[in-house]
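Keep in mind that the numbers below use all heavy atoms, side chains included, and drop hydrogens, waters and symmetry copies.
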Amino acid sequence: MNTRRKYRRCYEPVDLGALPVDAVNRTLQTELEPGEVRMSAAAHRHMAEDHPADYATCFAELPRAIADPDFVGQSPRHAHNFELVKRVRAANQRIVLVALGLDRDERGRYRVRSCYTIDWSDLDRRRASGHLRPSARQNPGR
């Protein structure tokens with residue numbers, strides 16, 4: 001019997017509210033259906049263990065990044081995902097990027113694939129390439 005087991009912390013799934021489908025559809029010219037956003041336990045673990053330096057900022061800002069993104073985009077390398085980006089006043093002056101799946105789960109929820117921070121030069125590069133666009137919010141003055 002192997003007594004050496006790698007300790008793995010358990011992470012809970014998190015329900016994150018409604019996707020702002022009107023803003024996403026207007027920005028990306030898509031026809032996504034309304035739905036809630038959920039981060040599975042596996043995605044939660046991925047965010048915490050693969051992006052540990054970003055975890056505290058991302059976990060705190062994730063609901064706001066989903067509800068009111070500053071930028072919406074789709075990476076040419078990840079055709080089945082789209083991205084929501086929120087500028088935050090974090091201590092490290094970075095920007096929260098949330099990658100979500102275009103396909104919904106069996107309950108109609110959009111799934112968080114990953115969440116991490118990017119820096120201002122990444123944001124500028126993605127905007128210049130057309131990969132990210134300002135969110136077409138209903139109330140852009142917010």
Side-chain angles (χ1 to χ4, degrees), residues 2 4-142:
N2 185 359
R4 290 180 52 185
R5 287 189 180 171
K6 184 177 179 180
Y7 173 73
R8 290 206 111 182
R9 184 173 172 191
C10 292
Y11 294 94
E12 295 292 322
V14 180
D15 291 319
L16 296 159
L19 180 71
V21 290
D22 291 339
V24 173
N25 286 338
R26 279 196 301 275
T27 304
L28 296 180
Q29 301 298 301
T30 55
E31 295 180 5
L32 298 176
E33 295 292 324
E36 298 293 309
V37 177
R38 181 173 178 88
M39 181 171 54
S40 69
H44 193 169
R45 183 177 60 242
H46 164 73
M47 181 176 72
E49 294 179 3
D50 291 359
H51 306 289
D54 297 338
Y55 180 74
T57 298
C58 286
F59 193 76
E61 297 295 336
L62 188 56
R64 197 164 68 107
I66 291 167
D68 188 29
D70 294 317
F71 300 94
V72 178
Q74 189 166 19
S75 170
R77 293 183 295 160
H78 302 287
H80 294 288
N81 294 336
F82 62 100
E83 299 171 344
L84 304 178
V85 176
K86 184 72 176 174
R87 293 177 290 208
V88 297
R89 298 205 187 282
N92 59 9
Q93 293 299 307
R94 292 177 64 85
I95 299 115
V96 173
L97 183 147
V98 182
L100 296 159
L102 282 170
D103 299 322
R104 298 184 304 161
D105 68 13
E106 67 282 350
R107 293 187 179 171
R109 298 173 297 201
Y110 293 93
R111 297 171 316 282
V112 172
R113 299 286 192 192
S114 189
C115 184
Y116 51 91
T117 64
I118 59 174
D119 62 29
W120 292 94
S121 62
D122 288 334
L123 177 67
D124 292 341
R125 190 179 77 258
R126 290 173 187 215
R127 289 187 68 195
S129 72
H131 167 154
L132 283 177
R133 297 181 211 133
S135 177
R137 297 179 179 127
Q138 281 186 310
N139 301 315
R142 293 194 301 167

task: List the steps and the verdict of side-chain hydrogen bond (donor to acceptor under 3.5 Å, both in side chains) for Glu83 and His78.
output: CA-CA 10 Å; Glu83 299 171 344; His78 302 287; over 6 Å; no
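- Remark: the backbone N or O of Leu97 is not paired with any side-chain donor or acceptor of Lys86 at under 3.5 angstrom.
- The closest side-chain heavy-atom distance from Leu100 to Leu84 is below 4.5 Å.
- In this structure the side chain of Leu16 reaches within 4.5 angstrom of the side chain of Val112, judged on heavy atoms.
- We find the CG-OG distance between Asn81 and Ser114 to be 9.5 Å, quoted to the nearest 0.5 Å.
- Between the side chain of Arg113 and the backbone N or O of Phe82 there is no donor-acceptor pair closer than 3.5 Å.
- A distance-only check finds no donor-acceptor pair linking the side chain of His80 to the backbone of Leu102 [under 3.5 Å].
- Across Ala18 and Ile66, no two heavy atoms sit closer than the pair O-CG2, 4.1 Å.
- Between Asp70 and Arg87, at least one side-chain N (NZ, or NE/NH1/NH2) sits under 4.0 Å from a carboxylate O, which counts as a salt bridge.
- At least one side-chain heavy atom of Thr57 sits less than 4.5 Å from a side-chain heavy atom of Val88.
- When every heavy atom of Pro52 is checked against every heavy atom of Glu49, the shortest pair comes out as CD-O, 3.5 Å.
- Across all non-hydrogen atoms, the minimal contact from Ala136 to Arg26 is O-NH2, 2.8 Å.
- For His46 and Tyr116, the side-chain atoms include no donor-acceptor pair closer than 3.5 Å.
- Of all heavy-atom pairs spanning Arg127 and Pro134, the tightest one is NH2-CG, 3.8 Å.
- Between Leu132 and Val85 there is a side-chain heavy-atom pair separated by less than 4.5 Å.
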- prompt: Hey, mind stepping through Thr30 and Asn25 against side-chain hydrogen bond (donor to acceptor under 3.5 Å, both in side chains) and telling me if it holds?
  reply: CA-CA 5 Å; Thr30 55; Asn25 286 338; 2.7 Å; yes
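- Side chains of Arg111 and Ser40 form no contact here, defined as non-hydrogen atoms less than 4.5 Å apart.
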Verdict with supporting geometry, Ile95 and Asp119, side chain to side chain contact (heavy atoms under 4.5 Å, CB included): CA-CA 6 Å; Ile95 299 115; Asp119 62 29; 5.7 Å; no
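- His44 places a side-chain heavy atom less than 4.5 Å from the side chain of Met39.
- For residues 28-39, the salt bridge (Lys or Arg N to Asp or Glu O under 4.0 Å) pairs, not counting sequence neighbours, are Asp15-Arg38.
- Listed for the Arg133 side chain is a donor-acceptor partner under 3.5 Å among the backbone atoms of Thr27.
- In plain terms, the two heavy atoms of Asp122 and Arg125 that are nearest each other are OD1-NH1, 2.8 Å.
- Summarising the geometry, atom OH belonging to Tyr55 is positioned 6.0 Å from atom OH belonging to Tyr11; distances are rounded to the nearest 0.5 Å.
- Arg64 pairs by the salt bridge (Lys or Arg N to Asp or Glu O under 4.0 Å) definition with Glu61, not counting sequence neighbours.
- The two residues Val96 and Ala65 come nearest to each other via the heavy atoms CG1-CB, 4.2 Å.
- Remark: side-chain polar atoms of Asp54 are paired, donor with acceptor, to backbone N or O of Thr117 under 3.5 angstrom.
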